[in-house]
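Because the structure is a prediction, the values reported are computed rather than measured.
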Amino acid sequence: MTHSPHPGEPDLVTRSRTSDGYIIDVRRRDHGRAIRQAMDTRGLSIKQLARRTELLDGKGVNWRTIGFLVSQWASGRETTTYRNAALIAAALDVPLALLFDVRTSRAFDALAVSTERGDSEEAS
């Protein structure tokens, strides 16, 4: 199992929904500027960063996804999975919080409980 190299951060294998029902919302900071700066500091291209993420868990983050996260244009993507964010931060050897804003929420718990019980909006 791959673990985060930075104290206090969850394991890299943590998914976007935690075992205790929290939803993890991960957004790039400053429209990807922090990721671009970390890449520039290390002299890494998008494809080189993708290769580094692959070395961490055998699967990595697709270079196109990284491209979306660093893009300043309309194609830029503000959100990603916690796994992708953690792998990118680890590959750049910087704390996750410097590159991404991570928030947790239990906003959808009522819907999840309702679905698990088999409740539906349709009348039986």
Side-chain angles (χ1 to χ4, degrees):
M1 182 181 296
T2 307
H3 296 282
S4 173
H6 301 284
E9 292 180 3
D11 293 347
L12 295 178
V13 295
T14 303
R15 297 189 190 277
S16 294
R17 186 172 191 78
T18 64
S19 61
D20 56 353
Y22 282 87
I23 303 294
I24 300 174
D25 179 41
V26 182
R27 296 182 177 276
R28 65 185 182 164
R29 288 191 178 271
D30 200 16
H31 304 291
R33 181 178 298 165
I35 303 168
R36 289 190 301 275
Q37 287 174 341
M39 289 172 63
D40 287 344
T41 299
R42 285 149 188 81
L44 295 174
S45 69
I46 290 170
K47 288 186 178 183
Q48 289 170 327
L49 177 55
R51 279 190 223 104
R52 277 185 153 195
T53 64
E54 186 176 355
L55 293 174
L56 292 172
D57 76 345
K59 183 177 177 187
V61 180
N62 186 285
W63 67 270
R64 288 177 185 91
T65 299
I66 294 171
F68 287 129
L69 291 170
V70 300
S71 177
Q72 304 172 65
W73 311 108
S75 64
R77 183 181 300 162
E78 294 299 321
T79 62
T80 192
T81 64
Y82 183 84
R83 177 191 165 278
N84 287 348
L87 284 170
I88 289 168
L92 291 169
D93 196 30
V94 297
L96 182 77
L98 292 179
L99 306 177
F100 297 93
D101 183 28
V102 180
R103 298 181 186 169
T104 57
S105 168
R106 290 187 65 104
F108 299 105
D109 279 355
L111 176 61
V113 169
S114 175
T115 303
E116 288 172 8
R117 286 193 316 227
D119 298 348
S120 70
E121 294 178 15
E122 298 176 16
S124 298

**Fill in**
Output for pair (T53 OG1, K59 NZ), nearest 0.5 Å, gives 11.0 Å
**Request:** Kindly indicate whether the side chain of R77, heavy atoms from C-beta on, has any atom under 4.5 Å from the side chain of T65.
**Result:** yes
**Request:** List the atom of T81, the atom of V26, and the distance in Å for their closest heavy-atom pair.
**Result:** C-CG2, 4.2 Å
**Note, L92 side chain near M39 side chain (heavy atom, < 4.5 Å)** = yes
**Asked** How close do A89 and P95 get, heavy atom to heavy atom, and via which atoms?
**Response** CB-C, 4.3 Å
**Request:** Report the residues that fulfil side-chain contact (heavy atoms from CB on, under 4.5 Å) with Q37, sequence neighbours left out, ordered by chain and then residue number.
**Result:** R33
**Prompt:** So, does R103 use its side chain to make a donor-acceptor pair with the main chain of D25 at under 3.5 Å?
**Reply:** no
**Prompt:** How many angstroms lie between atom CG of D30 and atom CD1 of I35, to the nearest 0.5 angstrom?
**Reply:** 10.5 Å
**Asked** Between L96 and Y82, which heavy-atom pair has the shortest distance, and what is it?
**Response** CD2-CE1, 3.4 Å
**Message:** So, applying side chain to side chain contact (heavy atoms under 4.5 Å, CB included) with I66, which one of N84, L87, L44, V61 is it?
**Reply:** V61
**Message:** Between R83 and D57, does any NZ, NE, NH1 or NH2 come within less than 4.0 Å of an OD or OE carboxylate oxygen?
**Reply:** yes
**Message:** Nearest 0.5 angstrom please: K47 NZ to N62 CG, how far?
**Reply:** 10.0 Å
**Item:** F68 side chain reached by T80 side chain, heavy atoms, under 4.5 Å
**Value:** no
**Fill in**
Correct closest heavy-atom pair for A91 and L49 would be CB-CD1, 3.7 Å
**Asked** Who pairs with E78 by side chain to side chain donor-acceptor pair (under 3.5 Å), at least two apart in sequence or on another chain?
**Response** R28, H31
**Separation between CZ of R29 and CZ of F100, rounded to the nearest 0.5 Å** = 10.5 Å
**Prompt:** Rounded to the nearest 0.5 Å, how far does CG of L99 lie from CZ of R36?
**Reply:** 11.5 Å
